[in-house]
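Working notes, beginning with the structure itself.
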There are 4 protein chains.
Amino acid sequence: MSTLRNKVQLIGNVGQTPEIRNLESGKKVASFSIATNEFYKNSKGEKVQDTQWHNVVTWGKQAELIEKYVDKGKEVAIRGKLTSRSYETQSGEKRYVTEILVNEILFLGNKENADQ
Amino acid sequence: MSTLRNKVQLIGNVGQTPEIRNLESGKKVASFSIATNEFYKNSKGEKVQDTQWHNVVTWGKQAELIEKYVDKGKEVAIRGKLTSRSYETQSGEKRYVTEILVNEILFLGNKENADQ
Amino acid sequence: MSTLRNKVQLIGNVGQTPEIRNLESGKKVASFSIATNEFYKNSKGEKVQDTQWHNVVTWGKQAELIEKYVDKGKEVAIRGKLTSRSYETQSGEKRYVTEILVNEILFLGNKENADQ
Amino acid sequence: MSTLRNKVQLIGNVGQTPEIRNLESGKKVASFSIATNEFYKNSKGEKVQDTQWHNVVTWGKQAELIEKYVDKGKEVAIRGKLTSRSYETQSGEKRYVTEILVNEILFLGNKENADQ
DNA sequence: TTTT
DNA sequence: TTTT
């Protein structure tokens, strides 16, 4: 996988308990969201917070680590690939979802560290 | 701007002539899309291409450089921040758009190089 | 500064109390080292640790934050630029030093968070 | 390999024909240097160029690609890991070398593209 | 010289 | 929906 061509990296906090699905193959898939928070002063000198939410998906062994170690509020660093996919709503409309497929995750600020 | 907390980096090709808008302030905004192409072999050993399309937005001086130098097919490297925003359709439905706000752009493979 | 052309990013632990120097201009300079630790299994299946040490330098307001908040063992994320410089030893020999000039630092896993 | 903990990325030009060594195992090793060029204005408003040289090492299949496709002056993008090692001079002194072990390389601005 |  |  080319991480020079398509790379996302986030350091932020997990929004809620990750959702774990079990595939027929026995593999797990973990889906969760990460908030990245930035603080800066606007043109009036007021402190402003810019929070962005990101959809994140991981597979296999990493999904198992996430099921075990990641919970709401935890600080993580992830590296992955930016992807979009489309699906149809029940009324036949096309919708787009942007997700980050994770290649690597670090659990930060943890004594019981469980990095991949 | 924190590029440790929220960073996207792409190396790819511009999909079409960038769309340039002029703000009332005199500033320009350039919007365009970038395709990132990856090639890999699937489990059957067949060569597969995965192309992802990304929405990219830049402001000010960078938008001017893009108006001058960037055209359909050009190879560029960008670094920016992953953002999402929502808007309402005419029928009152909420839609989400994910865009990359560019902090830096390089024009690759160019003799007449015009990096920011 | 082009972080697309020359970028280093580290997540690791500070080796010892940073050294702070005061320039005549009133500016501060902070120098310290960061250990990055990787764990992997070698060809015999044994768990191996690869630790790399990096020299890191920061200026100005960031150096002040480092003086206040960073100490031996703390986990930090940094982004910067890879630089080399040479100097002469007392016996007239040329020596080379490689250092990372920091653009951004995050203090990780911290309740009393003091990010730049 | 953890590219979140220890990552270097460079976009620059190769300094001279890469040096290729053949290991007893049959593997190849390619060593070369990359110049990264930055342009900025100093406090007097003069245009200044800052060129940094970096030592780069690659192994195996990538070294073969480098032998085939890379030559003096070529523009490349690399991603790798920052490492230092020490050796002894003939007079018994310890010397340190900092090198980037490459994980990924792109050959830029090339019609006959030969990315890994 | 850190950390797990 | 997180965090400071």
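Numbered from 1 within each chain, the chains take letters A, B, ... in sequence-line order.
- A:N37 contributes a side-chain N or O that forms a donor-acceptor pair with the base of F:dT2 under 3.5 Å.
- Here the C1' atom of nucleotide F:dT3 and the CG atom of A:D50 are 13 Å apart, to the nearest Å.
- Nucleic acid contact for A:T36: none, since no nucleic acid atom lies under 4.0 Å from a heavy atom of the residue.
- We find that CG of C:L106 is positioned 21 Å from P of F:dT2, with the value rounded to whole Å.
- Between A:F39 and F:dT4, no base-stacking contact is recorded for ring centres under 5.5 Å apart and planes less than 30° from parallel.
- Between the CD atom of A:Q52 and the C1' atom of F:dT4 there is a distance of 17 Å, given to the nearest Å.
- Checking B:S33 against B:H54 by side-chain atom types alone, no donor-acceptor pair falls below 3.5 Å.
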Check the pair A:K28, A:E67 against salt bridge (charged side-chain N to carboxylate O under 4.0 Å, His left out), reporting the backbone distance first and the verdict last.
CA-CA 9 Å; A:K28 298 202 173 200; A:E67 187 175 26; 2.7 Å; yes
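- A salt bridge does not link C:K7 to B:E104: none of the charged side-chain nitrogens sits closer than 4.0 Å to a carboxylate oxygen.
- What separates CD1 of A:I34 from C1' of F:dT3 is a distance of 13 Å, to the nearest Å.
- The distance from atom CG of A:L108 to atom P of E:dT4 is 13 Å, rounded to the nearest whole Å.
- Closest contact between the side chain of A:K72 and the listed nucleotides E:dT3, F:dT1, F:dT3 involves F:dT1.
- Here A:W53 does not count as stacked on F:dT2, because the ring centres are not under 5.5 angstrom apart with planes under 30°.
- A:E38 places its CD atom 15 Å from the C1' atom of F:dT2, with the value rounded to the nearest Å.
- Below the 3.5 angstrom threshold, one finds no donor paired with an acceptor across the side chain of A:N13 and the base of F:dT3.
- Closest to the A:Q16 side chain, of the nucleotides F:dT1, F:dT2, E:dT3, is F:dT1.
- Here F:dT2 presents its C1' atom at 14 Å from CG of B:N6, a figure rounded to the nearest Å.
- For F:dT2, the base has no donor-acceptor partner in the side chain of A:S33 [N/O atoms by modelled type, under 3.5 angstrom].
- Within 6.0 Å of CH2 on D:W59 lie no more than 12 heavy atoms contributed by other residues, nucleotides or ligands.
- The nearest whole Å value for the distance from the CD atom in A:Q49 to the C1' atom in F:dT2 is 9 Å.
- Checked by atom type, the side-chain pair C:T51/C:Q49 shows a donor-acceptor distance below 3.5 Å.
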